[in-house]
Number of protein chains: 2
Amino acid sequence: MEDKKSKILLCEDDTNLGMVLKNYLELNDYEITLERDGRLGLAAFQREKFDICLLDVMMPNMDGFTLAEEIRDVDPDIPLFFLSAKTMKEDIIQGYKLGADDYITKPFDSEVLLLKIKAILKRNEEENRISDNIEFDLGRYHFNPKLRELKHDDHTQTLSPKENELLKMLAEHKNDLLPRERALKKIWGSDTYFNGRSMDVYIAKLRKYLKDDTNIEIVNIHGNGFRLVAP
Amino acid sequence: MEDKKSKILLCEDDTNLGMVLKNYLELNDYEITLERDGRLGLAAFQREKFDICLLDVMMPNMDGFTLAEEIRDVDPDIPLFFLSAKTMKEDIIQGYKLGADDYITKPFDSEVLLLKIKAILKRNEEENRISDNIEFDLGRYHFNPKLRELKHDDHTQTLSPKENELLKMLAEHKNDLLPRERALKKIWGSDTYFNGRSMDVYIAKLRKYLKDDTNIEIVNIHGNGFRLVAP
DNA sequence: AAATCAATGAAAACGGCTTGTCAAAAAGCA
DNA sequence: TGCTTTTTGACAAGCCGTTTTCATTGATTT
């Protein structure tokens, strides 16, 4: 499994600036989705998985602040940068209130922007690394995501990467809802019909692996997601 | 025992500063490889072995932070110094300071730099002396990487350099995952198709050497790496 | 309650990629 | 030069993820 490029959602209605920035960031090995207004930005966000969002404040259809709220509804943790010509103090304050990680006023130095992006992504990476060594007890089972190992008694099942990631997410939400959309975006990268079907296949596989402890169940919550029920 | 000169990788796009620094450090009995951009720096790093890296932050082709990440991939422990003009935003610097052993702002006093280099190298030398003499017990086997010797009962197998390095990495991660990519970058210099094939050949060789103790196994974790299972 | 559409469950087929293995070629080294 | 070490090439075997198909269940409308 290779290190994949980090994906950036860039919402900017100024086509010139948007394209220039897109090209610049692509040269620096990021994958950019550029949308030209807030509504399109939200659609892109709901469809794909991003590592960071760069939002222009003033855009047609939906402004950057509103878009930020919508995004925060779906993912409370994703880093947000606002790009804005406004130096109004109130705007900046509102930006940070919405949980912005940075508020960048135009014109800005693209090199500095790049370094800020890197800094944020690196911080997030390190946080992920901490949760990398977690293991789970599920009834009679013991689950080690790092080794992709699901044991019980003297049985050891090696999980495939996708099985492993899905079970890990379920275990992190043990006895709680794991929303379909969340899992699809995190593991499959986007919430589409076929990815959804694929996920169902994996749910079936996990159920088979876990069937030796009748106290453990993966319950479907229709139209919403799954819940791993376990002591 | 003879002291070999410590080798320093210096990446600096300002030719003047680069040459001055190179000469100064050479006068102080270090061996310097000077490269003028990030990509060349990485190439040099993969080609030779260094004791410390001095990286300019702003360079053509690949900036110092990115280069640092690449270097850390291959060798997580090598000391890194960043050299940078002062104009950078403090917070960015702060973010990256974590990975760096020092962050030096230009203009700097070369004498101070020299002292810092000495201090770091001395610390590392001591650590290396310790980790250099490690031996491993693997089931019935005893493995001495320094002598490249793998013994069991009255059998002694002398390992080739590559066999030795690979088994050493596996042993350092005993019962844990050794990621493919990590081993490839560290031992082969880069993660390419043919290097991967080569590594598989070596895994097969090691398995053959280790087959006399059935408690020892080198297990593949598909797409991920290998795990040396041993008591 | 019947009809209908959408969401889910389960099995199997397929294509692509990773790994295991053997052997020969190439590169290093004494 | 001979020897060991390492890389390359070819092929088989295995693993994985997606897609397809068909069956089932849940929600909604009538």
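These numbers come from the heavy atoms of this one structure, side chains and all, not from hydrogens, waters or symmetry mates. Order of the sequence lines sets the chain letters (A, B, ...), proteins ahead of strands, with each chain counted from 1.
- Terminal axes of the helix from dA1(C)-dT30(D) to dA30(C)-dT1(D) (five pairs each, C1' rotation axis) are separated by 30°, to the nearest 10°.
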Could you tabulate the donor-acceptor pairs under 3.5 Å formed by side-chain atoms of residues 46-56 of chain A, not counting sequence neighbours?
{"from": "Glu48(A)", "atom 1": "OE1", "to": "Lys7(A)", "atom 2": "NZ", "distance (Å)": "2.7"}
{"from": "Lys49(A)", "atom 1": "NZ", "to": "Asp51(A)", "atom 2": "OD1", "distance (Å)": "3.4"}
{"from": "Asp51(A)", "atom 1": "OD2", "to": "Lys7(A)", "atom 2": "N", "distance (Å)": "2.7"}
{"from": "Asp56(A)", "atom 1": "OD1", "to": "Lys106(A)", "atom 2": "NZ", "distance (Å)": "3.2"}

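- Under the 3.5 Å distance criterion, with hydrogens and angles disregarded, no donor-acceptor pair is assigned to the side chains of Lys22(A) and Thr33(A).
- The separation between Leu184(A) atom CG and dT8(C) atom P is 10 Å, rounded to whole Å.
- In this model, the phosphate group of dT19(C) is approached by a side-chain N or O of Arg180(B) to a distance below 4.0 Å at OP1 or OP2.
- Applying the side chain to side chain donor-acceptor pair (under 3.5 Å) test to His152(B) and every residue at least two apart in sequence or in another chain returns Asp212(B).
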Letter by letter from the 5' end, nucleotides 13-22 of chain D scores (B base, S sugar-phosphate only, - none; protein heavy atoms under 4.0 Å) --SSBBBSB-
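- In this view, Asn23(B) satisfies the side chain to side chain donor-acceptor pair (under 3.5 Å) rule with no residue, not counting sequence neighbours.
- In terms of position on DNA chain C, the residue among Gly225(A) and Ile203(B) whose nearest nucleotide sits closer to the 5' end is Gly225(A).
- The existence of a salt bridge linking Arg140(B) and Asp153(B) is confirmed by a sub-4.0 Å separation between a basic side-chain nitrogen and an acidic carboxylate oxygen.
- Side-chain contact between Pro179(B) and Phe226(B) is absent, with no heavy atoms from C-beta onward closer than 4.5 Å.
- Under 4.0 angstrom from either OP1 or OP2 of dA11(C) there lies at least one side-chain N or O belonging to Lys208(A).
- Between the CG atom of Leu166(B) and the C1' atom of dT7(D) there is a distance of 15 Å, given to the nearest Å.
- Under the rule for a side chain to side chain donor-acceptor pair (under 3.5 Å), Lys168(B) has no partner lying at least two apart in sequence or in another chain.
- Atom pair Asp191(A):CG and dT8(C):P shows a separation of 11 Å (rounding to whole Å applied).
- Residues Leu166(A) and Ile203(A) form a side-chain contact, since some pair of their non-hydrogen atoms from C-beta on lies under 4.5 Å apart.
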